[in-house]
**Student:** 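My questions will all concern the structure given below.
Just so you know, these numbers come straight off a predicted model, no measurement behind them.
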Amino acid sequence: MGNCCSDEAGHGGAHPVGPAAAKAAQAASAAADRFLRSRGAGASTQIELSLSASNLGDQEYFPKSNPMVVVYSKRKDGPLEEIGRSEVTLNSLNPSWMTKISVQYQFEVLQPLVFQVFDIDPQLHDVSEKMLKLEEQQFLGEATCLLSEVVTKQDRLLTLKLGVSEHNLPNPSKFGELTVQAEESAGSKAIMEMVFRCSDLEIKDLLTKSDPFLLISRISDSGMPVPICKTEVRKNDLNPRWKPVILNLQQIGSKENPLIIECFNFSSNGKHDLVGKIVKSVAELENMYHRQNCEHFFVPASNAHECHSKEVLKSQLYVEKYVESNRHTFLDYISAGCQLNFMVGVDFTASNGNPRLPDSLHYIDPSGRPNVYQKAILEIGDVLQYYDPAKRFPSWGFGARPIDGPVSHCFNLNGSTYQPEVDGIQGIMSAYISALRNVSLAGPTLFGQLIGTAMAIASQSLADNQQKYFILLIVTDGVVTDFQETIDAIIRASDFPMSIIVIGVGGADFKEMEFLDPNKGEKLESSTGRVASRDMIQFAPMKDVQGSGVSTVQSLLAEIPGQFMTYMRTREIQTVST
């Protein structure tokens, strides 16, 4: 969800630019998005869980109970980590706990939750819940779910059967039920829209063009800046006026909390020069707008002995617009019934190697260890499947020759002539393995027909007024040869409710594929001179791992909610119906 600019058109600065310069500015802005992510900006929202239970335990053994629930998160192959505890409810087998448990929702990862209910010794009613030793309390039952299973339900409410793991209970058939309800933090809906303008930017290096952008950070409890937002890059402009910046209350914590606003001069090598910065709260920025005041940028003093002093610049920052309002969030659309539908395209070109040989990228290991294609599909599909109740996934192959047929650049993985859907992620795996036995790997690598086929499904869904958004995953081992046809298809697809994720596998040099990644390449332009209506495609090699151990898949999936929201806003879809 990278930057926080709205979709409002930009306004000209002091230096009008032509089409070529505008394209360069768009590419620079996308590269600056990468800079934002490299500084640690994440896409998440705070969720508050309300918990209640019914028919706890067996009344023969537990005629009265003083229940408390403990909530844990569980990392993959890791131990349980306690998130929070409810209060103790006295003498109740049907408690509704008042304490809300806070958890950060992240779209791009699976977030398993574990709920354990305990009967607390009444003699400990004066002891703080946090101080209670759980191993000394009576265990009443356990339930597990994924956070995505809760937020995708209508009303974000999920009821779970309480059960038992390694705990021994007298009657394991009577544990009761636990109900989990998720509520998004009100701060995620309250937004502040601001337009910033600068004057007389001081660029120290006279040989460098002025391509400024703003990076906005909040200050963490430890005192370190945490990036939350950035503007687009304004090319060759010493008096820039940026597109509106949108912040929500959750990002900043409070209107009184200080924010660091840094102005950088963009550099294509990623080493952006700091022009200057200011430190202001949103409340102070609002004040600047109403009073039509400006604030001078400053830079830290260059003298090492003057670490607490600063050099004030003549460069000034203005707030030209300030508006507060409430907006729908990504989870508002999801819980109201909008579905994310997963689609897959698999590269069957001959460069993958003979599938019967262990050095092939398509080799099916008898031990069950997934190959790179299976791994990419599983990692993306495992996250997306919970946003599609039907779990019917269109799945295609390209670049192969079916039995007694010509090379096909879009064939149904399941072998059906008319129906590309399969049941669930395992259905994709089965169809993929079956296809490897029934086609001959060929080539070349063409994406155009595949994207067009997926786009036709999205187009029909839109025509039928369905509340669906489609994510097409393309897994490939090589560089496309139909560059212009692919670009034309992408630009047409940008008008429809869909995103495209392209993952490169194997050891090929994917440098030429960077044209698909708006964070690295130029803005895409069709053969008729048209540009995409929004960013909705990204590419990365599978072997790339971002900072802080973030996988390729996570970094690609993290972009989806922002692309989804851009589509909804540009289409002015403000409310959804189930």
**Student:** Where is the tightest heavy-atom contact between Val407 and Gly443, given as atom of each residue plus distance?
**Tutor:** CG1-O, 3.4 Å
**Student:** Other residues, nucleotides and ligands only: do more than 12 of their heavy atoms fall within 6.0 Å of CD on Glu512?
**Tutor:** no
**Student:** Looking at Ile471, Asp388, Leu384, which hits side-chain contact (heavy atoms from CB on, under 4.5 Å) with Asn341?
**Tutor:** Asp388
**Student:** Quick one: are Ile252 and Arg218 in side-chain contact, heavy atoms under 4.5 Å?
**Tutor:** no
**Student:** Are the aromatic rings of Phe398 and His409 close, with centres under 6.0 Å apart?
**Tutor:** no
**Student:** If you measure from CD on Gln385 to CD1 on Ile425, what distance do you get to the nearest 0.5 Å?
**Tutor:** 5.0 Å
**Student:** Can you check whether Leu110 reaches Asp382 side chain to side chain, under 4.5 Å on heavy atoms?
**Tutor:** yes
**Student:** Could you check whether any side-chain N or O of Asp155 sits under 3.5 Å from a backbone N or O of Leu157, counting only pairs where one atom can act as donor and the other as acceptor?
**Tutor:** no
**Student:** Can you list the residues that meet the salt bridge (charged side-chain N to carboxylate O under 4.0 Å, His left out) rule with Asp495, with sequence neighbours excluded?
**Tutor:** Arg530
**Student:** Verify, without hydrogens or angle tests, whether Ser461 (side chain) and Ile457 (backbone) share a donor-acceptor contact under 3.5 angstrom.
**Tutor:** no
**Student:** Is it true that Asn354 and Ser360 share a donor-acceptor pair across their side chains at a distance under 3.5 Å?
**Tutor:** no
**Student:** Compute the centroid of each ring, for Tyr432 and then for His362, and state whether the two points are separated by less than 6.0 Å.
**Tutor:** yes
**Student:** Would you mind checking if Glu193 and Arg327 are paired as a salt bridge, meaning a charged N to carboxylate O distance below 4.0 Å?
**Tutor:** yes
**Student:** Looking only at atom types and distance, does a side-chain atom of Trp242 sit under 3.5 Å from a main-chain N or O of Leu214, one as donor and one as acceptor?
**Tutor:** no
**Student:** Rounded to the nearest 0.5 Å, how far does CD1 of Ile537 lie from CG of Asp535?
**Tutor:** 10.0 Å
**Student:** Are the side chain of Thr566 and the backbone of Gly562 linked by a donor-acceptor contact shorter than 3.5 Å?
**Tutor:** yes
**Student:** Between Asp488 (side chain only) and Ser527 (backbone N and O only), is there a donor and an acceptor less than 3.5 Å apart?
**Tutor:** yes
**Student:** Hey, is Lys391 close enough to Asp423 for a salt bridge, meaning N to O under 4.0 Å?
**Tutor:** no
**Student:** So, Gln339 and Gln466: side-chain donor and acceptor under 3.5 Å apart, yes or no?
**Tutor:** no
**Student:** Suppose we screen for salt bridge (charged side-chain N to carboxylate O under 4.0 Å, His left out). Which residues come up paired with Arg571, at least two apart in sequence or across chains?
**Tutor:** none
**Student:** Among residues at least two apart in sequence or on other chains, which ones pass side-chain contact (heavy atoms from CB on, under 4.5 Å) with Lys511?
**Tutor:** Asp509, Glu514
**Student:** With a 3.5 Å distance limit and no angle check, can you tell me whether Glu149 reaches the backbone of Leu146 through a side-chain donor-acceptor pair?
**Tutor:** yes
**Student:** Judged by atom type as modelled, is there a donor-acceptor pair below 3.5 Å linking the side chain of His272 to the main-chain atoms of Phe264?
**Tutor:** no
**Student:** Inspect the contact between Lys189 and Asp332 and indicate whether a charged nitrogen and a carboxylate oxygen are less than 4.0 angstrom apart.
**Tutor:** yes
**Student:** How close do Val233 and Asp211 get, counting heavy atoms only, and between which atoms?
**Tutor:** CG1-O, 3.6 Å
**Student:** Within a strict 4.5 Å, meaning less than it, do heavy atoms of the Gln106 and Gln554 side chains meet?
**Tutor:** no
**Student:** Would you say that Val372 contacts Met542 through its side chain, given a criterion of any heavy-atom pair below 4.5 Å between the two side chains?
**Tutor:** no
**Student:** When the side chains of residues 472-481 are checked against the rest of the protein, which donor-acceptor pairs come out under 3.5 Å, sequence neighbours left out?
**Tutor:**
unit_1, atom_1, unit_2, atom_2, d
Thr476, OG1, Asp347, OD2, 2.7
Thr476, OG1, Gly478, N, 3.3
Thr476, OG1, Gly478, O, 3.3
Asp477, OD1, Thr349, OG1, 3.4
Asp477, OD1, Ser351, OG, 3.0
Asp477, OD2, Ser351, OG, 2.8
Asp477, OD2, Asn352, N, 3.4
Thr481, OG1, Thr445, O, 3.2

**Student:** Is there a donor-acceptor contact under 3.5 Å linking the side chains of Asp482 and Thr486?
**Tutor:** yes
**Student:** Verify the distance criterion only: is there a donor paired with an acceptor across the side chains of Gln46 and Ser188 at less than 3.5 Å?
**Tutor:** no
**Student:** Under 3.5 Å, is there a donor on one side chain and an acceptor on the other for Ser494 and Arg534?
**Tutor:** no
**Student:** Can you tell me how far the CD1 atom of Ile228 sits from the CD atom of Gln251, to the nearest 0.5 Å?
**Tutor:** 5.0 Å
**Student:** CD of Glu108 to CD1 of Ile380: how many Å apart, nearest 0.5 Å?
**Tutor:** 11.0 Å
**Student:** Indicate whether the side chain of Ser185 and that of Glu48 have a donor and an acceptor atom separated by less than 3.5 Å.
**Tutor:** no
**Student:** Please say whether more than 12 non-hydrogen atoms of neighbouring residues, nucleotides or ligands are located less than 6.0 Å from NZ in Lys375.
**Tutor:** no
**Student:** Of the non-hydrogen atoms in Ser217 and Pro227, which two are nearest, and what is the gap between them?
**Tutor:** OG-CA, 3.4 Å
**Student:** For Ser430 and Gly427, indicate whether the former's side chain and the latter's backbone hold a donor-acceptor pair under 3.5 Å.
**Tutor:** no
**Student:** Any side-chain heavy-atom pair from Met536 and Ile500 closer than 4.5 angstrom?
**Tutor:** yes
**Student:** Counting distance only, does the side-chain N/O of Asn412 pair as donor-acceptor with the main-chain N or O of Ser416 below 3.5 Å?
**Tutor:** yes
**Student:** Kindly say whether the aromatic ring centers of Phe496 and Phe470 come within a distance under 6.0 Å.
**Tutor:** no
**Student:** Would you call the rings of Phe342 and Phe393 parallel, tilted or perpendicular if under 30° counts as parallel and over 60° as perpendicular?
**Tutor:** perpendicular
**Student:** Sequence neighbours excluded, which residues qualify as side chain to side chain donor-acceptor pair (under 3.5 Å) partners of Asn414?
**Tutor:** none
**Student:** Using a 4.5 Å cut-off on heavy atoms from C-beta on, say whether the side chain of Phe348 contacts that of Leu436.
**Tutor:** yes
**Student:** Of all heavy-atom pairs between Ala558 and Pro561, which one has the smallest distance, and what is that distance?
**Tutor:** O-CD, 3.6 Å
**Student:** Could you tell me whether a side-chain N or O of Asn371 sits under 3.5 Å from a main-chain N or O of Gln374, the two making a donor and an acceptor?
**Tutor:** yes
**Student:** Quick one, Glu485 and Leu446 - any side-chain contact, counting heavy atoms below 4.5 Å?
**Tutor:** no
**Student:** List the residues meeting ring pair (Phe, Tyr, Trp, His ring centres under 6.0 Å) with Phe564, not counting sequence neighbours, and say none if there are none.
**Tutor:** Phe330, Tyr333, Tyr469
**Student:** Side-chain contact test, heavy atoms from C-beta onward, threshold under 4.5 Å: evaluate it for Gln538 versus Val502 and give yes or no.
**Tutor:** no
**Student:** As an exercise, state the distance from CZ of Phe213 to NZ of Lys230, rounded to the nearest 0.5 Å.
**Tutor:** 6.5 Å
